[in-house]
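Report on the structure given below.
Just so you know, these numbers come straight off a predicted model, no measurement behind them. Throughout, protein chains are lettered first and strands after them, A, B, ... in sequence-line order, and every chain is numbered starting at 1.
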Amino acid sequence: MERYEPLKIEQKWQKIWADTEAFKATEEKDTPKMFIAEMFPYPSGAGLHVGHVRNFTIVDVLARFYRQQGVNVLRPFGYDTFGLPAENYAIKTGTAPQDVTKQNTANFRKQAETLGYAIDWSREINTSDPEYYKWTQWCFLQLFKKGLAYQKESYQWWCPVDQTVLANEQVENGHCWRCGHEVEKKKMKQWFFKITEYADELLDEIDNLNWPEKIKTMQKNWIGRSVGAEIDFAIASGDKATSRKITVFTTRPDTIKGATFLVVAPEYQDLNYLISDNTKDEVMKYKNDALKKSEIERQENKEKTGVFTGSYVINPATKEKIPVYVADYVLAGYGTGAIMAVPAYDDRDREFAEKFNLPIVEAELIDRDLYGTPKTTYRMRDWLISRQRYWGCPIPIAYDKEGNPHPIPEDQLPVVLPDIEDYKPDESGRSALAKATDWLKVKIPVTDEKTGETHLEEMTRETDTLDGYACSSWYLWRYASPHDEKAAWDQEAIKYWEPVDIYVGADHAVAHLLYARFWCKFFADEGYLPFREPITKLIYHGYINAPDGKKMSKSKGNVIDPLDVINDGYGADTLRTYEMFIGPVELDAAWNPRSVGGVYRFLNRCYTLCFDNKTETDREKNIIIRNKTIKKVTEDIFHYNFNTAVSAMMEYVNELYKEGAAKEDLIALAKLLKPFAPHLASEMLEHLDADDEWPKWEDKYLISDTAELVVQVNGKLRATLTIDVAELEDEKAIIDKALDLPKIKKYTESGIKKTIFVKKAKLVNIVV
RNA sequence: GCUCGGAUGGCGGAACUGGUAUACGCGUUCGACUUAAAAUCGAAUGGGGAAACCCGUGCGGGUUCGAUUCCCGCUCCGAGCACCA
C-alpha cells in the first residue's frame, strides 16, 4: 500500500503549475470574471508567518473555487516594499534598502510557491520599483493639478538642538529621544492630500458597501461628521462690540443663550490680539507649556486648565459681555479652534466653569438658525503625506528661488530615488536626499506669463518622500495592466477586471481602506476610472495567536513558522486546510499543534480512500450523502464559512470510510477538496482520471424515503419515530401515531391541551 | 466615557428565517493490531443519577406550545475611538 507523502506530491504539482503558467489570467470578454486579492504584504526578512498564510489561503480557496466553476479568475500578487523597516535596516547594516528588498521579495515568492498558491506570477508588482512608482508620482501630479495635493503650515514636534522634526513616538515626556532636550511645537510646511474634499461621499457610501459592519462603523467614526453652525462673537471694547470677532463652531446653536464664556485653543491663530498687558505673561506661559505637552500628556491630565486672556466678547443672543479663556481642552485642529462654552448643557464646559467660578445659566433653547450660519465639520483631517525619510517614493516637485513649488513634467517621470551611502536623516530636518547634491538640481520649463515664451529654470527638488499609503492607494488598479508603459492603468483592462470583487486582509481598517476609496473617487471624477468604489466585498479576517492565546512575538519565543509545519512532514495542504478549519474567518484563533495533526489525519484518509480503496461500492445511500456534501461545501464557500466546509468534508470522509466509497464519491471528494488541498486533490483527480470541474448537486437526491419524527411534550424531546416521508402529508395520522407511543402515553394521562405539528421541522409538540 | 463585537462541554467551535443544543476537530477512557511503541482501526465521552428522570448555551426577567436564537435589564471579556464642542 502506498503512503501519503505530501512533500513529494506537492513538489510535483508545483512544478507542473509553474511550467505551464497554470494561473495566467487574460481578459475574455464573454466569460464572467472574478478579481480576488489579498492586501499585499510588506516582505520582511523573516518571511511568511502564519497570519500571511491565513490571508493568502482565503484568497486562494476562493480563487480556485471560482476557477473550478469556469469563472475567469484574476489572482495577482505584489509587495508593499517602501517603508521604515527597510530603511532602519539599511542604516543599521549599511546594506542598501534596494538590495534588502530584492532578497526579501524573492524569498517571499519562493515561500508563496511552496504553499501552492494559484497566483498569476506574470503580474507581480513592487511599489519601490521605478516602473511602479513612476505612476505613483503621476497620481500625485493629478491630485496636485486639481489642488488636492497642497502645502500647509502645521504644528510639528521640533527639537531645537538637533534641529529636526520628530514624530509623536519620538518624543518622550516632552523631551527629544535623541538628545533629551525639551521639544517645541513648531509650524512647518508639509504636504497634504485634501481627503476632506470627499468626506461626505466617503461617509454616505459606507452604508452601501458589502463590508464587515465593524470596519464600516470605524470609518464612519473616523470621518465623524458634525452638523452645526459657525457663530461670530464680536470682541468688546468697554461694553461695545467692535468689528473684530471670534468665530466659534457649535453643534448646539440653540443653546447660545446659555453661553457664558468663550474658550480658544492654545494654538489659536489670533491669540496675540486677545491678550492685554497684564495677562500677557500668564497667557504666553500657558500657551508655551501647552505646546510642550504631548497629545498623550494632554489627554492623560483630564483636569481642566486654562487662563483668562483679558478679552471679552458680546454674546449676540443675550448682548451680555462674556470673558474669553484659553484652554487646552479646545483643539486647534477642529472646527475654528474656538468654542462658545455652555456649561449648563456641556459636561466639559461645566467642569471648566465650576473650576473657574464662571456662571452656569439654564437658559431657554432658541431657533438653531437665529445667530449662526450652518456649517458641517469633520473629525477627519487632511492626510499628511510628506515624510522626511529616504526610503519612499520621491515627491515629484521642485522649488524655484522664491520657494514656490513646481510639478516635475510628466515626461520626466519617474523621479528616480538616487543611490546614496548614508540614509540617516540629519539635523537639517530634511531626508537624506538633501545630501544628494547632484540629484537635487533640476531644470524645469517655465512659461513667462507676459511673453508666452518657455525657458528652462534651475530648481531644487523636494527632498520629502511620500507616505507609503500613497503607494498602496492605487496598486489594485495596476494589477489590471501591471507592465503598461503608457499609463498607470489600461482603460480596457480596468473595465474588464475592476473593481476588486473580493479583497482580503486583517489590518488597515481605516487608513489604507479609506485612502484607496478617496483616490478611487478622485480618479473617477477625472475620468480615469469607471467606478467610484474600489472594493466590492471585503473580508476582514482574524489574527492567529500562539497556542497560549497570546500574540505571537519573537521576544516571547512563541512564534509558529509555517515553513516548519510544512517541512516537519505535514505539507502545505495540511497547513492550508488547518488554517481554514481553525475557526470562523473573522475571529482570532489560537494555534493548536494537535489540531494540525487532526487535519493531517483527515487528508491521510482522503489519500487512503482514493489509492487503497478495496471496498468499492455503489450503495444507494452514498448518492444522498454525496449530494448533501456537495451542497453544503458549495454554499459554505459562497458564504466564506471555510471552517464548516472542511467539517462537512470530514463527515463525508468518515461516512465513506465506514460504508465504502464508489468512484463517483471519490471524484466528488477530490473536486471539493481542491481549493483547500490543491496538491493532494490534483493527485487524486489524476489517479481517478477526472477533471476538476466543480461538482453539482441535485435536489432530488437530498431527500430520503424515511424521516425521523421528533415528538415533544411541552417542548421537551420525549421520543423519536421513524416514518415514511409521505406520512408527513397527513397531520392527523402523524399526531395519532405520536400519541400512541408508549413513551408519550404516560405524559398524556391527565389530558391534552393542544397539539402542534411542524412539517418543515418534522416535529410534533404535545401540550399537556 | 462613547461605538462595535463576543460569552455554548475539559478545549477550538456547530446549530438554516424560533423547532432534536454540543456537528466537526482536539483531548480523555476502553478495545483491536503489535514482542513493544508509534501509526492505523473500532467504541464511549455535557453534568448528576442504579434507573425513571432532573439540570444544562454568562446572570435576572419577559414573549411563545417551544428560546443559544426575539424583547427588557445587568455582568464580564475583546477591539476601535477618545476633551471633536
query = Taking all non-hydrogen atoms of both residues, which atom of A/Tyr329 and which atom of A/Ile339 are closest, and how far apart?
reply = OH-CD1, 3.9 Å
request  = Taking atom NZ of A/Lys152 as the centre, report whether more than 12 heavy atoms of other residues, nucleotides or ligands fall under 6.0 Å from it.
outcome  = yes
query = With rounding to whole Å, what would you report as the distance between B/G27 and B/A39 at their P atoms?
reply = 9 Å
ask   = Under 6.0 Å from the six-membered ring centre of A/Phe352 and within 45° of its axis: does the NZ or CZ of A/Lys304 meet both?
value = no
ask   = Checking all strands, does A/Asn765 fall into the base, sugar-phosphate, or nothing category for heavy-atom contacts under 4.0 angstrom?
value = base
key: Separation between the C1' atoms of B/U29 and B/U63, rounded to whole Å   = 44 Å
task = Using a 4.0 Å heavy-atom cut-off across all strands, classify A/Asp349 as base, sugar-phosphate, or nothing.
result = nothing
task = Measure distances between side-chain N and O atoms of A/Lys304 and base N and O atoms of B/C83, and say whether any donor-acceptor pair falls under 3.5 Å.
result = yes
ask   = Base, sugar-phosphate, or nothing: which does A/Asn643 touch, judged by heavy atoms less than 4.0 Å apart?
value = sugar-phosphate
Residue-phosphate contact under 4.0 Å: A/Arg718 side-chain N/O, B/C54 OP1/OP2 = yes
task = Describe the nucleic acid contact of A/Arg379 in one word from base, sugar-phosphate, nothing, applying a heavy-atom distance below 4.0 Å.
result = base
request  = Go through B/C65, B/U40, B/G25 for me and flag the one nearest to the A/Lys754 side chain.
outcome  = B/C65
task = Could you give me the stems involving RNA chain B, meaning stretches of three or more consecutive Watson-Crick or G-U wobble pairs whose two defining distances are both below 3.5 Å?
result = B:1-7 with B:75-81, B:10-12 with B:24-26, B:27-32 with B:40-45, B:46-48 with B:53-55, B:58-62 with B:70-74
key: Interatomic distance at C1', B/G13 relative to B/U22, whole Å   = 10 Å
task = Please report, rounded to the nearest Å, how far the P atom of B/G80 is from the CG atom of A/Asp588.
result = 10 Å
For residues 207-216 of chain A, please give each side-chain donor-acceptor pair under 3.5 Å, one per line with the distance, not counting sequence neighbours.
residue	atom	partner	partner atom	Å
A/Asp207	OD1	A/Lys220	NZ	2.8
A/Trp211	NE1	A/Ile535	O	3.2
A/Lys216	NZ	A/Leu209	O	2.7

query = NA contact type, A/Leu587, heavy-atom cut-off 4.0 Å: base, sugar-phosphate, or nothing?
reply = nothing
query = Checking all strands, does A/Gln712 fall into the base, sugar-phosphate, or nothing category for heavy-atom contacts under 4.0 angstrom?
reply = base
query = Roughly how many Å is it from CG in A/Asn545 to P in B/A79, rounded to a whole number?
reply = 10 Å
query = Taking the inter-plane angle between the rings of A/Phe261 and A/Tyr325 on a 0 to 90° scale, is it parallel (under 30°), tilted (30 to 60°) or perpendicular (over 60°)?
reply = perpendicular
request  = Can you figure out which of B/G19, B/C24, B/A14 approaches the side chain of A/Thr644 most closely?
outcome  = B/A14
inquiry  = Can you check the distance between B/A51 and B/C16, where both ends of the measurement are the C1' atom (answer in whole Å)?
reply    = 37 Å
task = Check whether any side-chain nitrogen or oxygen of A/Tyr747 sits under 4.0 Å from OP1 or OP2 of B/A52, and answer yes or no.
result = no
remark   = A/Lys760 has its side chain closest, among B/A15, B/U17, B/C83, to B/U17
ask   = Any ion pair linking A/Lys737 and A/Glu727 (charged N to carboxylate O, less than 4.0 Å)?
value = yes
ask   = Just checking A/Glu708: base, sugar-phosphate only, or nothing, at a heavy-atom cut-off of under 4.0 Å?
value = base
Closest contact, heavy atoms only, A/Leu728 versus A/Lys759 = O-CD, 3.9 Å
remark   = Taken to the nearest whole Å, OH/A/Tyr657 to P/B/C24 is 17 Å
key: Minimum-distance nucleotide to A/Ile756 side chain [options: B/C65, B/A85, B/C24]   = B/C65
request  = Using the C1' atom on both, measure B/A67 against B/G62 and round to a whole Å.
outcome  = 11 Å
key: Which nucleotide in B/C24, B/G13, B/G42 has an atom nearest any side-chain atom of A/Pro584   = B/G13
Pair A/Glu267-A/Lys287, salt bridge (charged side-chain N to carboxylate O under 4.0 Å, His left out): steps then yes or no = CA-CA 7 Å; A/Glu267 297 91 342; A/Lys287 175 180 174 172; over 6 Å; no
request  = To the nearest Å, give me how far apart CG (A/Leu717) and C1' (B/G56) are.
outcome  = 15 Å
query = So, A/Tyr515 versus A/His508: side-chain donor-acceptor pair below 3.5 Å or not?
reply = no
inquiry  = Between B/G58 and B/G9, how many Å separate the two C1' atoms, rounded to a whole number?
reply    = 15 Å
task = Round to the nearest Å and state the distance from A/Tyr578 atom OH to B/C26 atom C1'.
result = 9 Å
request  = Quickly work out the A/Asp636 CG to B/C16 C1' distance and round it to whole Å.
outcome  = 11 Å
ask   = OP1 or OP2 of B/C4 sitting under 4.0 Å from any side-chain N/O of A/Lys214?
value = no
message = Syn if the chi torsion is within 90° of 0, anti otherwise; quick check, which is B/G56?
response = anti
note = Note: for A/Arg381 and A/Lys746 on RNA chain B, the residue whose nearest nucleotide lies more 5' is A/Lys746
query = Can a side chain N or O of A/Lys716 be found less than 4.0 Å away from OP1 or OP2 on B/C55?
reply = yes
task = Pick base, sugar-phosphate or nothing for A/Lys762, based on heavy-atom distances below 4.0 Å to the nucleic acid.
result = nothing
ask   = So, is A/Tyr334 close to the B/A85 phosphate, meaning a side-chain N or O under 4.0 Å from OP1 or OP2?
value = yes
ask   = Given that A/Phe249 and A/Arg605 both sit by RNA chain B, which one's nearest nucleotide is further toward the 5' end?
value = A/Arg605
message = By nearest atom, which of the nucleotides B/A15, B/G42, B/A85 is closest to the A/Lys658 side chain?
response = B/G42
ask   = Does atom NZ of A/Lys537 have more than 12 heavy-atom neighbours from other groups under 6.0 Å away?
value = yes
task = Check every atom of B/A85, B/A23, B/U3 against the side chain of A/Ile339 and return the nucleotide holding the closest atom.
result = B/A85
ask   = What does A/Phe581 touch in the nucleic acid at a heavy-atom separation under 4.0 angstrom: a base, only the sugar-phosphate, or nothing?
value = base
request  = Check the distance between B/C26's P and A/Trp591's CH2 and give it to me in whole angstrom.
outcome  = 15 Å
query = When rounded to the nearest Å, what value does the distance between P atoms of B/A52 and B/U57 take?
reply = 22 Å
inquiry  = Over all strands shown, is A/Gly224 touching base, sugar-phosphate only, or nothing at heavy-atom distances under 4.0 angstrom?
reply    = nothing
inquiry  = Under 4.0 Å from OP1 or OP2 of B/G13: is there any side-chain N or O of A/Ser647 that close?
reply    = no
Donor-acceptor pairs under 3.5 angstrom involving side-chain atoms of residues 708-718 of chain A: please list them, not counting sequence neighbours.
residue	atom	partner	partner atom	Å
A/Asn714	OD1	A/Val768	N	3.1
A/Arg718	NE	A/Tyr747	OH	3.4
A/Arg718	NH1	A/Tyr747	OH	3.3

task = For nucleotides B/U17 and B/C83, find the distance between their P atoms and express it as a whole number of Å.
result = 40 Å
query = A/Met580 CE to B/G12 C1': how many Å, rounded?
reply = 15 Å
